[in-house]
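Note sheet for the following structure.
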Protein chains: 2
Amino acid sequence: MAQSLARADRRTNADDVFDYLHGEIVSLRLLPGTRISEIEVAGQFDVSRQPVREAFIRLANLDLLLVRPQKATVVRQFSSEKIKRARFIRMAVECEVLRRACRSASPLHDERLRKDLEEQQAAMKARDVERFHALDYDFHEHLCDAGDCALMFGTIAENKAAVDRICVLSLSEPATMEELHEDHALIAEALGRRDEGELIGAIKAHLSRLDDVIAGIRKSHADFFED
Amino acid sequence: MAQSLARADRRTNADDVFDYLHGEIVSLRLLPGTRISEIEVAGQFDVSRQPVREAFIRLANLDLLLVRPQKATVVRQFSSEKIKRARFIRMAVECEVLRRACRSASPLHDERLRKDLEEQQAAMKARDVERFHALDYDFHEHLCDAGDCALMFGTIAENKAAVDRICVLSLSEPATMEELHEDHALIAEALGRRDEGELIGAIKAHLSRLDDVIAGIRKSHADFFED
DNA sequence: CGGGCCACGCTACCATACCAGATTGCGCAG
DNA sequence: CTGCGCAATCTGGTATGGTAGCGTGGCCCG
């Protein structure tokens, strides 16, 4: 699930169509349930149906499109199960990473996290949500570094992103930057003391913040869900 | 990553080609590095190149094929990183499932696991490897049930399968049924006592059995790996 | 005899045309 | 007015032909 964008070698028309549609869908500019036709998209890009078709196939494999032969192709709805699975994996993996971090982290890692917190505070004061969001990912990446599990950050980011994108639908502000920063501070602090119990509690609390948000979206946008 | 085989609606030629190639690749009848051409496969199935192309795209999305525009398509090699990630996810998820099982399991679940162990013993005595293999999956599924995490079994099975398939390359017998059965017994026993510490130790030991096997394959079949 | 260049053949990519199933809406009959 | 049925039209699936990039082998030149 890696070579989605920017395939190693050459860049094809199909890649362009794929990237465009992928962006539209994950950003929710194309909403679940929207009908979408090969011919239509082919017209927009001034290419034949074939590359479009290829892009559709790839998107279908990512569960972003649902193509029904002889009927139509629609933007796929959310799946509560899929969301639950993504959150479970993220939680389980990050917990294990942190358990390891308690044993493998060095003062350099602690220092790195401390700097991250400062930067987060700066973005917070500047009300720069975009920046804070990026720093959020950085922080969790550095947690992986501390746990000597750099290669697991991809997994964490993937599942985090899948959940984050749904939360933009939330009516209420998901969680304030202040709350998230506070969570992060607790995590860094517990890790600094190498206190595994506290650390696991802190990360689970952090990841549980979205419980209510997601439940709310599930209700307020029931028509976007397939189950 | 679900609708691979048996897509909901209609069955197309592309589906046939996909299923066939998928089977050949995961069973290692088609070895990593093997060159494979649209025209060639199209000839075998007596269909045009287009459906074959579709199947290729889908297999490429599963990282089973590597299609290089204007060059050639080859069966993709293994990735040590991917294997590590799969094993980490499996370990992290199953540990979390078992931690929950310590709190949520009922005597019925314990009973179910006890029966599983008996069946495993039967298959063991009959030297029925095939059967034992299936029972292995059942056992882990019932662990998920005990942890009230039925929906996570798919994730565990997926990652377990990805690793198992590579292990058939092992020169030495991966692990005897006796060893695995013993592991399972320890897990069920620790769970029966709701002893979280012992339980986690048991499952980690169980999952670590493949460490040496995989390291061996990495060396003996270095040409099958891309990194 | 050896090295570089070129052309041929291979690949996957793309466009066009046609096919079959499914839907929809119009018209006709009751 | 209503309900049934057929046909036009839309969908994605398939076939085929042509194109462009890349590898390779042969040929020519040094």
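Computed from a predicted model, the values in this text were never measured in an experiment. So that the names make sense, note that chain A is the first sequence line, chain B the second, and so on, each numbered from 1.
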So which one's nearest nucleotide on DNA chain C is more toward 5', A:N13 or A:Q70? A:N13

Check ion pair A:E81-A:R87 (N to O, under 4.0 angstrom): no

5′-ward residue of the pair A:P51/A:R35 relative to DNA chain C: A:P51

Using the side-chain heavy atoms of A:S37, tell me which of these nucleotides is nearest: D:dT11, D:dA15, D:dG13. D:dT11

Quick one: A:R49 CZ to D:dT11 C1', roughly how many Å, whole number? 8 Å

Mark yes or no for whether A:N159, through its side chain, and A:T155, through its backbone, hold a donor-acceptor pair below 3.5 Å. yes

Answer with base, sugar-phosphate or nothing: what part of the nucleic acid does B:I36 contact at a heavy-atom distance below 4.0 Å? sugar-phosphate

Under 4.0 angstrom between A:S48 side-chain N/O and C:dA15 OP1 or OP2: yes

Would you please indicate yes or no on a ring centroid separation below 6.0 angstrom for B:F225 and B:H221? no

How close or far is atom P of D:dC22 from atom CZ of B:R68, stated in whole angstroms? 12 Å

Among D:dG12, D:dA15, C:dA22, the nucleotide that comes nearest once only the side chain of A:E38 is considered: D:dG12

Looking only at C:dA12, C:dC14, D:dG23, the nucleotide nearest the B:F56 side chain is C:dA12

By nearest atom, which of the nucleotides C:dC14, D:dG13, C:dT11 is closest to the A:A14 side chain? C:dC14

Tell me if the aromatic rings of A:H142 and A:H184 count as close, with their centers under 6.0 Å from one another. no

So, is A:T73 close to the D:dT11 phosphate, meaning a side-chain N or O under 4.0 Å from OP1 or OP2? no

